[in-house]
Amino acid sequence: QVQLVESGGGLVQAGGSLRLSCAASGRTFSSYAMGWFRQAPGKEREFVADISWSGSRTYYADSVKGRFTISRDNAKNTMYLQMNSLEPEDTAVYYCNTHRSPNTYYAGGRGPYWGQGTQVTVSS
């Protein structure tokens, strides 16, 4: 079983920045690709970005490309999402997710493990 805990959310003005973190438990963190999803009120959960198990490959939703940067530090069992130029449309609960298959990667994939989410609110 994988435990994921998101942090770093908060209230920020439009144009500002936040850095989200996802801390993962277990000894096999580096074997899995991981991603960020978000869900706004009344909307389905949508893909934001993900990163391969090695950190060498990344993929972004068009809505955040050029503004968000995903990264990971396997030594710390932590994944990050640096969010710049935030817009009110970015307001959502952001969730960490682990891809289903270890030691492989496909862009946009999702797996069965989720964190509890961290709220990001962007005011105008």
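Not measured: the values here are computed from a predicted model.
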Visitor: To the nearest 0.5 Å, what is the distance between CG on Leu4 and CE on Met79?
Guide: 7.5 Å

Visitor: Test your reading of the model: is there a side-chain donor-acceptor pair from Thr118 to the backbone of Gly9, 3.5 Å cut-off?
Guide: yes

Visitor: Are Phe37 and Trp114, when compared by the centres of their aromatic rings, separated by less than 6.0 Å?
Guide: yes

Visitor: Report yes or no: do Asp73 and Thr78 form a side-chain donor-acceptor pair below 3.5 Å?
Guide: no

Visitor: Can the positive tip of Arg72 be found less than 6.0 Å from the middle of the six-membered ring of Tyr80, inside 45° of the ring normal?
Guide: no

Visitor: So, Asn97 side chain and Tyr113 main chain: donor-acceptor pair closer than 3.5 Å or not?
Guide: yes

Visitor: Do you reckon Tyr94 sits in the same ILVMFWY cluster as Val12, going by side-chain contacts under 4.5 Å, direct or chained?
Guide: yes

Visitor: Do you know the tightest heavy-atom contact between Gln119 and Ala92?
Guide: NE2-O, 3.4 Å

Visitor: So if you build clusters from Ile, Leu, Val, Met, Phe, Trp, Tyr with side-chain heavy-atom gaps below 4.5 Å, do Tyr59 and Leu81 land together?
Guide: no

Visitor: So, for Arg38 and Val64, which heavy atoms are closest and what is the spacing to 0.1 Å?
Guide: NH1-CG1, 3.9 Å

Visitor: Ignoring hydrogens and geometry, is there a side-chain-to-backbone donor-acceptor pair from Thr91 to Pro88 under 3.5 Å?
Guide: yes

Visitor: Going by distance alone, is a donor N or O of one side chain under 3.5 Å from an acceptor N or O of the other, for Arg57 and Tyr105?
Guide: no

Visitor: Does a side-chain N-to-carboxylate-O contact under 4.0 Å join Asp90 and Arg67?
Guide: yes

Visitor: Between His99 (side chain) and Tyr32 (backbone), is there a donor-acceptor pair under 3.5 Å?
Guide: no

Visitor: If hydrophobic clusters are built from ILVMFWY residues whose side chains come within less than 4.5 Å, do Val5 and Val93 share one?
Guide: no

Visitor: So does Ile70 get a backbone contact from the side chain of Tyr60, meaning a donor-acceptor N/O pair under 3.5 Å?
Guide: yes

Visitor: Dump the intermediate steps for side chain to side chain contact (heavy atoms under 4.5 Å, CB included) on Leu11 and Ser123, then the final yes or no.
Guide: CA-CA 7 Å; Leu11 176 64; Ser123 65; 4.3 Å; yes

Visitor: Checking Ser101 against Tyr106 for the side chain to side chain contact (heavy atoms under 4.5 Å, CB included) test, could you report, in this order, the C-alpha distance in whole Å, the side-chain angles of both residues, the deciding distance, and whether it holds?
Guide: CA-CA 10 Å; Ser101 300; Tyr106 62 96; 5.6 Å; no

Visitor: Does Cys96 offer a backbone N or O that forms a donor-acceptor pair with the side chain of Glu6 under 3.5 Å?
Guide: yes

Visitor: Looking at CG of Leu18 and OG1 of Thr121, how far apart are the two atoms once the value is rounded to the nearest 0.5 Å?
Guide: 9.5 Å

Visitor: Trp53 and Asn74: which non-hydrogen atoms are nearest, and at how many Å?
Guide: O-ND2, 3.4 Å

Visitor: Does NZ or CZ of Arg110 fall inside the cone over Phe47's six-membered ring, less than 6.0 Å from its centre and within 45° of the axis?
Guide: no

Visitor: Hey, does the side chain of Ser25 reach the backbone of Gln3 with a donor-acceptor pair shorter than 3.5 angstrom?
Guide: yes

